[in-house]
Amino acid sequence: MRRARPESIGLSYLNALEYCPRRFYYEFVQGDMLVNEFVLEGTLLHQRADQPGQSAKGEGHIEINHLYLYSEKLGVSGFADVVVEQADKLFPIEYKHGRQGKWLNDNIQLCAQALCLEERQPELAPIEFGYIFYWGSRRRVQVDFTPELRAKTLQSIERAFETAALEVPPPPLEGKLAGRCRDCSLEPMCLPAEVKLLKTATKVMEGVK
Ligand code: SF4
């Protein structure tokens, strides 16, 4: 048995999926969320960018805040914190509360925004890069939308639809990836160590029978 394939996946959930498929399942399929100090900090820091509006920043430079984006072709939708139009080029900017991580989750979310923008405004495609501003380090990082990142983003979207159709959450992260659980706000709900222990105990019991 599988769940029905959803019509659309939210752009921000691609970030969760890339971080951990189990986390994606909790948030997207079950609508679960735990608010800790990091989640709260992220919400507060987003409030500025989340004020919808458009402002001219100079000759041929327009910034649009909290812009709704969607792609009918890919089945994704959501908001970009900021989209800049400058000299007939577009680029998205995303604000993150922490520091740049070692993983591609933020880049994939930003690239998916670019794919939506390209579909909506093909006359301004291709979008070559975007930026992520990390409040934790006060660093603005340029993300190039390379063919590799675009391919990974498309794979991630497909994987999101597959994961969303599962009947139960995927298992907790294993091996090196399990290091991510330390920074995961859903850890108290997910209980990865307890789930693994139970799995091991069940295997032992089955061996005894
Ligand atoms: S605690 Fe670990 S396994 Fe569980 S949702 Fe978070 S990252 Fe995934």
Side-chain angles (χ1 to χ4, degrees), residues 5-19 21 23-24 27-28 42-43 45-101 103-135 137-164:
R5 186 179 165 99
E7 277 183 19
S8 153
I9 303 273
L11 290 165
S12 59
Y13 293 106
L14 296 177
N15 194 317
L17 176 85
E18 211 44 41
Y19 190 82
R23 182 182 169 105
F24 164 83
E27 292 185 346
F28 180 73
T43 307
L45 288 171
H46 257 101
Q47 278 179 352
R48 191 182 135 265
D50 283 351
Q51 299 297 320
Q54 180 171 318
S55 53
K57 300 284 180 187
E59 185 78 11
H61 180 146
I62 297 168
E63 288 190 12
I64 307 161
N65 279 8
H66 202 51
L67 183 66
Y68 179 71
L69 301 173
Y70 66 98
S71 161
E72 281 160 6
K73 202 167 81 185
L74 302 175
V76 290
S77 60
F79 288 91
D81 284 341
V82 179
V83 173
V84 177
E85 184 174 348
Q86 190 175 28
D88 291 333
K89 294 272 182 198
L90 286 178
F91 57 89
I93 304 176
E94 188 65 18
Y95 290 88
K96 296 292 176 194
H97 67 94
R99 293 166 181 270
Q100 184 178 16
W103 308 292
L104 281 178
N105 48 330
D106 294 341
N107 297 18
I108 282 176
Q109 182 184 353
L110 194 71
C111 184
Q113 292 175 5
L115 295 176
C116 290
L117 282 166
E118 288 176 351
E119 186 175 314
R120 310 279 24 116
Q121 293 198 257
E123 70 282 7
L124 297 180
I127 297 171
E128 290 161 12
F129 57 84
Y131 294 101
I132 303 173
F133 185 86
Y134 290 95
W135 286 101
S137 54
R138 298 285 195 275
R139 275 193 69 215
R140 191 174 79 157
V141 176
Q142 178 171 325
V143 177
D144 294 327
F145 302 133
T146 60
E148 293 75 23
L149 181 58
R150 286 168 182 269
K152 278 194 168 50
T153 304
L154 295 177
Q155 282 165 11
S156 181
I157 292 170
E158 195 41 49
R159 199 164 145 229
F161 278 107
E162 283 168 14
T163 309

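Throughout, numbering of the chain's residues begins at 1 and tracks the sequence.
Screening L90, I93, N65, I62 against V83 for a side chain to side chain contact (heavy atoms under 4.5 Å, CB included) leaves a single residue, L90.
Closest non-hydrogen pair, G10 versus F28, comes out as N-CE1, 4.1 Å. The minimum heavy-atom distance linking V82 with Y95 is given by the pair CG2-CE1, 3.7 Å. Scanning all heavy atoms of the two residues, the minimum distance from W135 to R138 falls at O-NH1, 2.6 Å. Considering every non-hydrogen atom in both A160 and L14, the closest pair reads CB-CD2, 4.0 Å.
Note that CD of E63 and CD of E85 are 11.5 Å apart. Values are rounded to the nearest 0.5 Å. The NZ atom of K89 lies 11.5 Å from the CD atom of Q86; values are rounded to the nearest 0.5 Å. A distance of 11.0 Å separates CD of E148 from OG1 of T153, quoted to the nearest 0.5 Å. Of the inter-residue distances, the one linking L74 atom CG with F161 atom CZ reads 8.5 Å to the nearest 0.5 angstrom. The line from CG of L117 to OG of S71 is 10.5 Å long, rounded to the nearest 0.5 Å. To the nearest 0.5 Å, atom CG of residue N105 and atom OG of residue S156 are 9.5 Å apart.
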Does the pair I9 and I157 meet the rule for a side chain to side chain contact (heavy atoms under 4.5 Å, CB included), with working shown? CA-CA 8 Å; I9 303 273; I157 292 170; 5.7 Å; no
After noting the C-alpha distance and the side-chain angles of D144 and L149, does the key distance pass the side chain to side chain contact (heavy atoms under 4.5 Å, CB included) rule? CA-CA 8 Å; D144 294 327; L149 181 58; over 6 Å; no
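Contact annotation: the side chain of L11 approaches that of V76 to within less than 4.5 Å [non-hydrogen atoms, C-beta and beyond]. When side chains are defined from C-beta on, Y13 counts as touching E27, because their heavy atoms get closer than 4.5 Å. Counting heavy atoms from C-beta on, the side chains of R159 and P21 come closer than 4.5 Å.
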Distance-only donor-acceptor pairs under 3.5 Å for side chains of residues 108-115, two or more places apart:
| unit_1 | atom_1 | unit_2 | atom_2 | d |
| --- | --- | --- | --- | --- |
| Q109 | OE1 | N15 | ND2 | 2.7 |
| Q109 | OE1 | K96 | NZ | 2.8 |
| Q109 | NE2 | E94 | OE2 | 3.4 |
| Q113 | NE2 | E94 | OE1 | 2.9 |

Please tabulate, for side-chain N and O atoms in residues 123-134, each donor-acceptor pair with protein atoms closer than 3.5 Å (sequence neighbours left out).
| unit_1 | atom_1 | unit_2 | atom_2 | d |
| --- | --- | --- | --- | --- |
| E123 | OE2 | Q121 | NE2 | 3.4 |
| Y134 | OH | D106 | OD2 | 2.8 |

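Between F79 and H66, the ring planes lie parallel to each other; the angle is under 30°, not in the 30° to 60° tilted range.
Within 6.0 Å of atom CD in Q142, more than 12 heavy atoms from other residues, nucleotides or ligands are found, so the atom counts as buried in its surroundings.
Listed for the R139 side chain is no donor-acceptor partner under 3.5 Å among the backbone atoms of R99.
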